[in-house]
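Report on one structure; see the data block that follows.
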2 protein chains.
Amino acid sequence: MSAKARPTYSAIAKAAGVSEATVSRVLNNDERVNPERTAAVMKAVEELGYRRHRAATALASGRTGLIAVVIDDDLSVFSDPFWGTVTSGISRVLMENHLQTVLMVTSVNSVDGPVAHYLEGREVDGAIFFQLHKDALVRKLAKQGLPIVITGSPHTDTDLYFVDTDNFGGGYAATKHLMSRGCKKVAIITGDIETTAGHQRLDGYNQVYREFGRVPNKSLIRQGDYSYESGQVQMEHLLAEHPDVDAVFACNDLMALGAIAAIEAAGKSVPDDVAVIGFDDSVSSRTSRPQLSTIRQDITALGEAAAELMIAQLNGEPVESRIMPVELVLRESA
Amino acid sequence: MSAKARPTYSAIAKAAGVSEATVSRVLNNDERVNPERTAAVMKAVEELGYRRHRAATALASGRTGLIAVVIDDDLSVFSDPFWGTVTSGISRVLMENHLQTVLMVTSVNSVDGPVAHYLEGREVDGAIFFQLHKDALVRKLAKQGLPIVITGSPHTDTDLYFVDTDNFGGGYAATKHLMSRGCKKVAIITGDIETTAGHQRLDGYNQVYREFGRVPNKSLIRQGDYSYESGQVQMEHLLAEHPDVDAVFACNDLMALGAIAAIEAAGKSVPDDVAVIGFDDSVSSRTSRPQLSTIRQDITALGEAAAELMIAQLNGEPVESRIMPVELVLRESA
DNA sequence: TATCATTGTGAAATCGGTTTCACGCCTCGG
DNA sequence: CCGAGGCGTGAAACCGATTTCACAATGATA
């Protein structure tokens, strides 16, 4: 009674009375196999409980069945639930397509680091990058023919495929709502303006002003860094310079919460004196008081889209970058 | 000018004037190779820029160089920054040991689902599980000899290796602080009592009462479910039944925030009328007002410990489950 | 009817390492 | 001086799939 060893092609071929080559053809959906033999192989596969040996397939075919998800940890982005959620969307779609997700949390900036070696070594079939800051490595890999998808907009204009949130639309919707609400002096606390996302949200803000035939006062545009503290201090500056400011669009929820703290510390109330809108629809936007109005993005869908772009590339199908829609969620703060 | 093809053993063997077997020995640190040949091989490896072909190694040796991290998505735990942080700790340590992290966000409860097939197929060298609810699959895999580490305590008493936060110690420290502060009527809002973690925190709470020679009133022990809302309603019940309750230990920050909302809604103040301590040291614990006193765990360290246990198992070294220390962080709420 | 394509199939080579096995050489004990 | 034992080494088998290539059978064409 030997332990049931894992069946291989050889066993299936024997059981089905065909050659191993035919087994391979059937299992890879080669059309040209006689239906009867196909059926025989399928039956044998079923009965023996055959399962592909990934390593053997990888060696012979060059396809590893693995997709890397590369996260730049210089930003410790992974402690942000945002990335966890994106990743789970990616993972789900990949798994449905019989691909596995290899997670690499690391500093990606080096064109010659361990990650670079790993990816260049063709140990994965493709790579999905998060939040790129330098794209030298990515360009290099792309040139070598490695399928790539970027989550978040690429740093520069480029021909790389990407999926991103509609940052412009979010900035536009938030600002438009504040204006339509009757606010006269709408400020913005931006995030890192170096990033495309940061810039696009600001562009949306400016666009609303333009449509209203106005130009925002330069000093209504304050640069934060996505932290609670920066929201707080920038709001303090705003209140000092513009005591009559009556609305703020903060480019993420954390800064919005900081801003609210500053507003209330100044003895004013939200939203009556100053309306506030954040961005992200994070958990704290629901638990804060007042509850925060914010821009919601379907984060899981973003991940799923990234995975779909990757799969399309692998299949040689036409691929197009995607911008995912956002939604204004109105709660108490605006 | 052909593109420089990836060098293989054959190239190195030729360059170093030895056989492929010897190359393999050198690269796998086989002691018995003549130092001169070792040097020659190393030199050739260096000069040709050789890099191992993962699939070939996997096929021949059976070691894939991959460790699965399995996350039960029934709980959508991955949108909790906690798990992202743990994962990044795991990933870092594994990568240092030339192992890659394969992420599987999925429903693990089935002993016969795709995850089960994947893991049973030996496509990874080991698996790290998060937040187990049913351990049938894990036990089955362990029986098959797959190295396993559980992050969070296993469901039942077991011989499986695990790493966990000192839940008991956290519950103890929080409650002890509240008592020492002079609070007479310290309540607890527990999380899911079915989980080991939930139970252990409660045990810590009970232990303090015991040490003070007291027994907590049954109705001071309220069961929540880790959600903001549950913290809120349980606190309302507490205030109704015990108008003189003067402290609450909530088993996570979210419930603590809900409790604070309920306390303030009842016209009482935190911490003067009722002191509150949470658990997790989440971001919102710092941004809430009043800032939340809480129990901090070193989450990255937890992940690193999990990875280390895995590596020890792979190396056949002695392995011991680990309980990671926690720290009481005092802010404004207690 | 003779010839050329086309189609389905299996034998065998291949992917790039690891591991077994046998052999030659050297040392040591009797 | 002979045989046993140990050590370093290379040839070759092996891991489990994929893919090339040759060949036989069939159908189409002239």
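First the proteins, then the strands, lettered A, B, ... as listed; each starts at 1.
Taking a 6.0 Å sphere around CD of Glu317(B), one finds it holds more than 12 heavy atoms contributed by other residues, nucleotides or ligands. The 12-atom threshold is not exceeded at CD of Glu36(B), counting heavy atoms of other residues, nucleotides or ligands nearer than 6.0 Å.
Checking the phosphate oxygens (OP1, OP2) of dC15(D), no side-chain nitrogen or oxygen of Arg122(B) falls inside 4.0 Å. Residue Arg37(A) places at least one side-chain N or O closer than 4.0 Å to OP1 or OP2 of dG10(C). The phosphate of dC15(C) (OP1 or OP2) has no side-chain N or O of Tyr9(B) nearer than 4.0 angstrom. An OP1 or OP2 oxygen of dG10(D) is reached within less than 4.0 angstrom by a side-chain nitrogen or oxygen of Ser19(B).
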Could you go step by step and tell me if Arg322(A) and Glu308(A) meet the salt bridge (charged side-chain N to carboxylate O under 4.0 Å, His left out) rule? CA-CA 10 Å; Arg322(A) 293 238 289 273; Glu308(A) 283 160 10; 3.1 Å; yes
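Computed from coordinates, the Lys14(B) NZ to dG10(D) C1' distance equals 15 Å when rounded to whole Å. Between Arg25(B) atom CZ and dA11(D) atom P there is a gap of 11 Å when expressed in whole angstrom units. As a whole-Å value, the separation of Asp30(A) CG from dA17(D) C1' is 15 Å. Protein atom CG of Leu59(B) is 17 Å distant from nucleotide atom P of dA13(D), rounded to whole Å. Spacing between atom CZ of Arg32(A) and atom C1' of dA25(D) amounts to 16 Å, rounded to whole angstrom units. Rounded to whole Å, the distance from OH on Tyr50(A) to P on dG16(D) is 10 Å. As rounded to whole Å, 14 Å separates atom P of dC15(C) from atom CZ of Arg6(B). Taking atom CG on Asn34(A) and atom P on dT26(D), their separation rounds to 12 Å, with Å as the unit.
When heavy atoms are screened at a 4.0 angstrom cut-off, Val23(B) is found touching no nucleic acid atom at all.
Mapped onto DNA chain D by nearest heavy atom, Thr22(B) and Thr8(A) fall at different nucleotides, with Thr22(B) at the one closer to the 5' end. If you find the closest nucleotide of DNA chain C to Glu20(B) and to Val33(A), the one lying nearer the 5' end belongs to Val33(A).
The nucleotide whose nearest atom lies closest to any side-chain atom of Ser24(A) is, among dA11(C), dT18(D), dT19(C), dT18(D). Closest contact between the side chain of Ala56(B) and the listed nucleotides dG10(C), dG16(C), dT18(C) involves dG16(C).
In this structure, the side chain of Arg139(B) does not engage the main chain of Leu160(B) through any donor-acceptor pair within 3.5 Å. No donor-acceptor pair under 3.5 Å is formed between the side chain of Asp125(A) and the backbone N or O of Ile67(A).
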